[in-house]
Amino acid sequence: MKLLQMALSIKEIKIMPKNLASYINLTKECVPAGMFAKCCGEYLGPDYIEPLEGRSTFDVERTCILICKNCGKKYISRYD
Ligand SMILES: [Zn+2]
């Protein structure tokens, strides 16, 4: 059941915010999280993915922002 929930949340990935500056601004409110972030008893899927803005995936270790749907807490994690 947990795997199904994760698959569903991956399908709902939103690429907003498109702007790197607004993304970085949003990460300031985030708490660092591991690969399988859990909040309020549920696994979190990525809500925002760091925009590349012309940078290569070889140059940047992209991060993503995860937002808990229950409490609204924001987390930042590595995006692989
Ligand atoms: Zn939560």
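We number each residue from 1, following the sequence as shown. As the structure lists them, so they are numbered: ligands from 1, and atoms in each ligand from 1. None of these values were measured; they are calculated from a predicted model.
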*Residues that Glu29 engages under salt bridge (charged side-chain N to carboxylate O under 4.0 Å, His left out), provided they are two or more places apart*: Lys74
_Among Asp47, Thr27, Val31, side-chain contact (heavy atoms from CB on, under 4.5 Å) partner for Tyr75_ =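 The option that passes is Val31.
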When the side chains of residues 58-67 are checked against the rest of the protein, which donor-acceptor pairs come out under 3.5 Å, sequence neighbours left out?
| from | atom 1 | to | atom 2 | distance (Å) |
| --- | --- | --- | --- | --- |
| Arg62 | NE | Glu50 | O | 3.1 |
| Arg62 | NH2 | Glu50 | O | 2.9 |
| Thr63 | OG1 | Tyr23 | OH | 2.8 |
| Thr63 | OG1 | Glu50 | OE1 | 3.0 |

*Could you tell me whether Arg78 atom CZ has more than 12 heavy atoms of other residues or ligands within 6.0 Å of it?*
no
*Could you walk me through whether Leu44 and Lys69 pass the side-chain contact (heavy atoms from CB on, under 4.5 Å) test, one step at a time?*
CA-CA 8 Å; Leu44 306 175; Lys69 271 98 194 156; over 6 Å; no
*Taking side chain to side chain contact (heavy atoms under 4.5 Å, CB included) as the test, write out the residues that go with Cys40, two or more places apart.*
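For Cys40, the residues satisfying side chain to side chain contact (heavy atoms under 4.5 Å, CB included) (neighbours in sequence not counted) are Cys68, Asn70, Cys71.
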*With the Zn ion (ligand 1) as the centre, enumerate protein N/O/S atoms below 2.8 Å in chain and residue order.*
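Cys39 SG, Cys40 SG, Cys68 SG, Cys71 SG, with waters left out.
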